[in-house]
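Please read the structure below before turning to the comments.
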Amino acid sequence: MNKVENLKRLLSPTNIVFVGGRNLIQAIKSCEAIGFEGDIWVVNPNYETLAGRPCFASVAHLPGVADAAFVAVNSQAAIGVVGDLAAAGTGGCVCYAAGFAEMGADGEQLQQQLVAAAGEMALMGPNCYGMLNYLDGAALWPDRHGGVKVERGVALISQSGNVALNLTMADRSLPIAQVVSVGNQAMLGIDDYIDALIDDPRISAIGLYIEGLKDIAGFSRAAVRALEQGVPIVALKAGTSELGTQLTMSHTSSMAGADEMYNALFQRLGVVRVSSLVDMLETLKLFSVAGSLAGNRLGVMTCSGGDSAMLADLAEQHDLLLPPISPAQAEDLTELLQGFVTISNPLDYNTAIWGKQADLTRCYLDMLNSDFDATVLVLDYPSEASGDCDDWELSITAMVDAARESQQVAVVVSSVPELLPTVARQRLVENGITPLQGLKEAVAALGAAVWYQRRRRELMDDGPLTRLHLEFPVTVSDRDRLLDEAESKQLLASYGLSIPQSRVVSAVEAPVAAAELGFPVVVKVVSAQLPHKTEAGAVALNLKSEEAVAAAVADMAERLANTPGVEDRFLVETMVADTVAEMIIGLKRDPQFGLALVLGSGGILVNLINDGATLLLPTDPREVEKALSSLQGDKLLRGYRGRAAADREAIVGAVMAVVAFAEEYRDQLLELDVNPLMVLPQGRGVVAADALIRLAEEVPVL
């Protein structure tokens, strides 16, 4: 069998072998407690029994071939054991031992030996807790955990064993089906586990705790498969430090840092990004119980004006609508509530029907039968010490009955996480109603479910999802060359980017060239050594006569006379007027993500407001338009306060011209800035007023 098939055997084993000493006892007992029904074998030549099970002297003495193995011996011994397991045809193994690549060069060499010993056997780790399968009762896990056997649920994949353990302990009523602690990822990466898990129909969604992805291209392929199959991925990416060497030559490099790259990756692939473990748990719970939401229209019921106000505020932050209640439902609710409340959405039904199951059911059913994509009941239980909770239980019963009759998406939310007890949550889950804990987290989860469905629909409708696959980044030459502005513009113009009429001339020739082009003009020093000409005093704008040009050229020549690499070369070009806005189009190379495109507000606004959107390549005009719409400066482009609207089609065309250049030079391009791109009113196009290109090796230019 190949590694893919062997990984599936490891994740869903029919039998398990444990190799090690007394540190195996917890794992064996966990298998028994969860309810593993297959054979469990133990290998230890020094014990007769462990955890009440007979020990075999070696892997060769086992009575059969194991699907999964848990290896809990030291790093040196692990290599031999892993080799024996592979030779015996074992599907896969968890290597619990530390002391490999995380320890430096010597450990890295040992890890390579471990991978070689595994061969085609799936190897999880090393330096990892392992995995928990709550569907089949398999626990290749050396510590305590908090999960129970389920028939269906979410998978958790974590780069931290402790985070994975804590997630199983969380009191959140999240149905957890599978947990994987990836460790050093010597053989198998996060993408491999996603790829294997989405083929199990019992997995409803996948949660990721990521500190950094090792294989971006592989992740893109796995995430696309999950998107195709409708298995949502929810990711918590920890850390925002830069990946690789930060390039500071261009503005683009400072705008597209590591965190922006991950945002671009997740946006591209329809991966929901969350900012905390609690947000991840609540979002996964909603996906697991209710699934994604068809739209963003919410109906809300509360017993408190405060809850209504807070939820309405949060809904607006997450692009969730609270549309009016339909006339038919409003009429029935008015009759039911007898004028004690205002019929609105959110509906504060007050206490008029509190404790009356039939009336509560009717009220909830009216809301569920309205034209909402999900109906939310805000319900906070009292503490156990305060007395019985019979009236709250009646509310749960009414919601269960109403949801069963309506067959619509129902959600119960506590405004404070602790005020929805475990028993109530479990009853709701069993009846297909999602219990969400904490108003802020609940609304964020609802917003995430809406975003996922909308984004998935967009991506599915736009063509084959294989277009989202990212390429493996190429290794470029250490040699590099910075092209001057004139070279950069001419090269980009050959790919369709519009540039001003211009001449490259000497100081003596500049006034005549300006007159031939027509005033007003811009004059700049041409030198690859001056990528930022404004700061160097190498630019003169809005020159309206030959005398003004001559004076400007003389001034620049004198100021820069002793600057290395500056010669008697000046760029004279027509001045662009009547602009709607200035933009930046940039490209940067990242060692993990490859080429990334940045689109944003340009000119002086680059440093002032840092208004940018990042896209990974390849991309297309539809994604460029969406990125454009996400900018703060988009209001200006659409025609702000009576001003002319920008030529959006020309902006997208300019971006795609730069993309075409990047695709042609993908093995050489290091960074690129078009800044500013002067945007003219609709129908009049755009013009690149400045450009910078840095290539990894010298290539012919136009």
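Note that the structure is predicted; figures quoted are calculated from it, not measured.
- The minimum heavy-atom distance linking Tyr193 with Gly125 is given by the pair OH-N, 4.4 Å.
- The OG atom of Ser220 sits 9.5 Å away from atom CG of Leu616, with the distance rounded to the nearest 0.5 Å.
- Between Pro201 and Arg152, the closest heavy-atom pair is O-NE, 3.9 Å.
- When side chains are defined from C-beta on, Asp200 counts as touching Ser12, because their heavy atoms get closer than 4.5 Å.
- Residue pairs satisfying the side-chain hydrogen bond (donor to acceptor under 3.5 Å, both in side chains) criterion with at least one member in residues 441-453, sequence neighbours excluded, are listed as follows: Ser292-Gln453.
- Other residues, nucleotides and ligands contribute at most 12 non-hydrogen atoms within 6.0 Å of the CE atom of Met103.
- Between the side chain of Tyr640 and the backbone N or O of Lys635, no donor-acceptor pair lies under 3.5 Å.
- Put simply, the side chain of Gln159 gets close to the backbone of Glu211: a donor and an acceptor are under 3.5 Å apart.
- Looking at Asp195 and Arg225, a side-chain N of the basic residue comes within less than 4.0 Å of a carboxylate O on the acidic one, giving a salt bridge.
- Applying the salt bridge (Lys or Arg N to Asp or Glu O under 4.0 Å) definition to pairs two or more places apart or across chains, those involving residues 445-457 are Asp319-Arg454, Arg455-Glu458, Arg455-Glu623.
- Between Thr434 and Val429, every side-chain heavy-atom pair lies at or beyond the 4.5 Å cut-off.
- Within the 3.5 Å criterion, the main-chain N or O of Ile190 finds a donor-acceptor partner in the side chain of Gln185.
- Within 6.0 Å of atom CD in Gln229, more than 12 heavy atoms from other residues, nucleotides or ligands are found, so the atom counts as buried in its surroundings.
- We find the CE-CD1 distance between Met656 and Ile585 to be 11.0 Å, quoted to the nearest 0.5 Å.
- Few gaps surround CD on Glu108; more than 12 heavy atoms of other groups in view lie less than 6.0 Å from it.
- Looking only at distances, no side-chain donor or acceptor of Thr283 sits under 3.5 Å from a matching main-chain atom of Met280.
- When atom types are taken as modelled, the side chain of Asn133 and the backbone of Leu11 share a donor-acceptor pair closer than 3.5 angstrom.
- The minimum heavy-atom distance linking Leu587 with Val658 is given by the pair CD1-CG1, 3.5 Å.
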Which is it for His145 and Tyr134 under the ring pair (Phe, Tyr, Trp, His ring centres under 6.0 Å) test, yes or no, and what are the steps along the way? CA-CA 11 Å; His145 57 90; Tyr134 293 116; 5.5 Å; yes
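- Within a 6.0 Å sphere centred on CG of Asp462, other residues, nucleotides and ligands contribute more than 12 heavy atoms.
- A 4.5 Å side-chain heavy-atom check between Leu615 and Arg268 finds every atom pair outside the cut-off.
- Side-chain contact between Gln112 and Val115 is absent, with no heavy-atom pair separated by less than 4.5 Å.
- Within the 4.5 Å cutoff, no side-chain heavy atoms of Ile651 are placed close to those of Val624.
- In this structure, Arg144 places its CZ atom where only 12 or fewer heavy-atom neighbours from other residues, nucleotides or ligands lie under 6.0 Å away.
- With hydrogens and angles disregarded, a donor-acceptor distance shorter than 3.5 Å links the side chain of Glu102 to the backbone of Phe100.
- The shortest distance between side-chain heavy atoms of Leu446 and Leu286 falls below 4.5 Å.
- The minimum heavy-atom distance linking Ser276 with Leu236 is given by the pair N-CD1, 3.7 Å.
- Salt-bridge check for Arg273 with Asp259: passed, with a basic side-chain N closer than 4.0 Å to an acidic carboxylate O.
- Rounded to the nearest 0.5 Å, atoms OH (Tyr665) and CG (Leu672) are 12.0 Å apart.
- Residues Asn184 and Lys214 approach most closely at O-NZ, 3.4 Å, considering heavy atoms.
- No more than 12 heavy atoms of other residues, nucleotides or ligands sit less than 6.0 Å from atom NZ of Lys440.
- Side chain of Arg589 to main chain of Leu669: a donor-acceptor pair is present (N/O by atom type, distance under 3.5 Å, no hydrogens or angles).
- Residues Gln111 and Asn127 have side chains not in contact (no heavy-atom distance under 4.5 Å, counting atoms from C-beta outward).
- Side-chain contact between Val674 and Leu492 is present, with at least one heavy-atom pair separated by less than 4.5 Å.
- The CG atom of Leu132 sits 8.5 Å away from atom CD of Gln178, with the distance rounded to the nearest 0.5 Å.
- Scanning all heavy atoms of the two residues, the minimum distance from Ser75 to Ala98 falls at CB-O, 3.4 Å.
- Between Phe661 and Tyr495, the ring-plane angle classifies as perpendicular under the 30° and 60° cut-offs.
- Checked by atom type and distance alone, the side chain of Lys588 never pairs as donor or acceptor with a backbone atom of Leu670 at under 3.5 Å.
- Distance check, rounded to the nearest 0.5 Å: CG of Leu459 to CD of Gln267 gives 8.0 Å.
- Here the straight-line distance linking atom CG of Leu284 with atom CD1 of Ile176 works out to 9.0 Å at 0.5 Å rounding.
- Paired with Ile233 under the rule side chain to side chain contact (heavy atoms under 4.5 Å, CB included), one option of Ile194, Ile157, Val272 passes, and it is Ile194.
- Both tests pass for Lys237 against the ring of Tyr262: distance under 6.0 Å to the centre and angle within 45° of the axis.
- Remark: side-chain polar atoms of Glu5 are paired, donor with acceptor, to backbone N or O of Asn2 under 3.5 angstrom.
- Looking only at distances, a side-chain donor or acceptor of Lys285 sits under 3.5 Å from a matching main-chain atom of Pro435.
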